[in-house]
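Quick notes on the structure that follows.
In this text, all values refer to a predicted model and were calculated from it rather than measured experimentally.
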Amino acid sequence: MPELPEVETTRRGLAPHVEGRRVAAVTLRRPDLRWPIPAEVADLLPGQRIDAVRRRAKYLLLDTSAGSALLHLGMSGSLRVLPATTPVGTHDHVDIVLDGGPLDSGRLRDGARDPGRVLRFNDPRRFGCLLWQPVGVTHELLQGLGPEPLSDEFDGDHLFARSRGRKAPVKVFLMDQRIVVGVGNIYVAEALFAAGISPLRAAGAISRERYRLLADAIKRILLHAITRGGTTLRDFLSPDGAPGYFEQELSAYGREGEPCPNCGRALRHAWIGQRATVWCTRCQR
DNA sequence: ATGTTGACCTGTAAGC
DNA sequence: TGCTTACAGGTCAACA
């Protein structure tokens with residue numbers, strides 16, 4: 001499901017509710033996600049204060065002085081901040097119960113007890129994961145990742161250098177998280193459309209100048225999507241329950257058969273690297 | 001090394 | 001109203 005803008009939207013929605021709070025309890029209902037949830041999550045997390053919520057690539061990290069919980073949302077995962085009394089639904093695999101803050105120590109205006117909050121991880125397909133990263137260690141899943149697309153490390157020169165000699169389609173090249181992280185099937189389609197590059201073109205056959213256009217498009221589109229709260233196609237919601245509004249601004253993704261926003265020709269659909277791909281055969285070369 | 005394919009799992013929508 | 005099939009925002013492991 002989520003690409004960088006959706007994960008970043010999740011991080012931003014989570015942070016104000018979570019940072020500085022202590023973990024009161026961890027409830028594991030279904031530990032067999034993509035990988036089993038390691039014992040450290042239930043053993044070490046309770047009692048710890050969550051100092052920060054960070055994102056690296058499409059991973060989220062909940063930092064504590066004992067180590068970090070490392071989360072990936074896979075295709076269908078989501079995190080919500082909910083009142084602790086919210087009934088548990090299907091695929092609600094993990095609860096991280098948060099200690100009440102100052103506001104919770106008293107009573108609400110109507111006299112009812114504030115139930116506190118819970119960070120709830122739901123993932124129907126279970127392609128996501130919840131792992132543990134000890135202090136001072138970089139989890140092996142985070143090793144070998146490419147640069148963050150919104151950092152200065154990432155630019156057209158980087159793409160140009162890494163792509164020399166590579167025959168794979170540029171679409172596949174860009175979705176390789178060792179080249180650049182965070183770009184998935186939606187935003188690769190949008191960025192290639194904006195840069196006027198065919199997704200089928202061999203990565204090694206693209207000029208430095210066109211890679212500069214492409215890197216700029218990636219940055220611009222990701223940043224803009226974040227300001228819109230990400231893309232809600234089926235069920236993506238921020239931790240507060242708000243949908244993302246970037247879907248309305250998609251130019252190519254999911255629009256096969258519709259007229260190209262530039263030239264009006266029907267957008268073409270094909271399978272590239274086992275993923276649905278849409279582009280304009282006139283505007284993208 | 002690079003490239004290609006299958007696998008993981010469930011929900012939903014479309015087709016018959 | 002069913003039943004069956006195809007497809008979905010990711011990425012790892014195995015193989016050529």
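Remark: C/dA8 base-pairs with B/dT10; criterion is Watson-Crick or G-U wobble with both hydrogen-bond distances under 3.5 Å. Base-pair partner of C/dA13: B/dT5 (Watson-Crick or G-U wobble, both distances under 3.5 Å).
Of the candidate nucleotides B/dC9, C/dT11, B/dG3, B/dG3 has the atom lying nearest to any side-chain atom of A/K167. Closest to the side chain of A/E3, from the set C/dT11, C/dG9, B/dG11, is C/dG9. Minimum atom distance to the side chain of A/W271 is reached by C/dA8, of the listed B/dG11, C/dG9, C/dA8. The side chain of A/Q274 approaches B/dG6 more closely than any other nucleotide in the set B/dG6, C/dG10, C/dA8. Closest to the A/Y253 side chain, of the nucleotides C/dG9, C/dC7, C/dC12, is C/dG9.
At a threshold of 4.0 angstrom between heavy atoms, the contacts of A/Y59 are confined to the sugar-phosphate backbone, with no base atom among them.
The base of B/dC9 has none of its N or O atoms less than 3.5 Å from a complementary donor or acceptor on the side chain of A/R126.
At B/dC9, none of the side-chain N or O atoms of A/R34 fall inside 4.0 Å of OP1 or OP2 (strictly under the cut-off). In this structure, A/R125 does not reach the C/dG10 phosphate: none of its side-chain N or O atoms is under 4.0 Å from OP1 or OP2.
Atom CZ of A/R268 sits about 7.0 Å away from atom OG1 of A/T281, to the nearest 0.5 Å.
Under the 30°/60° scheme for interplanar angles, the aromatic rings of A/F246 and A/Y187 are found to be tilted.
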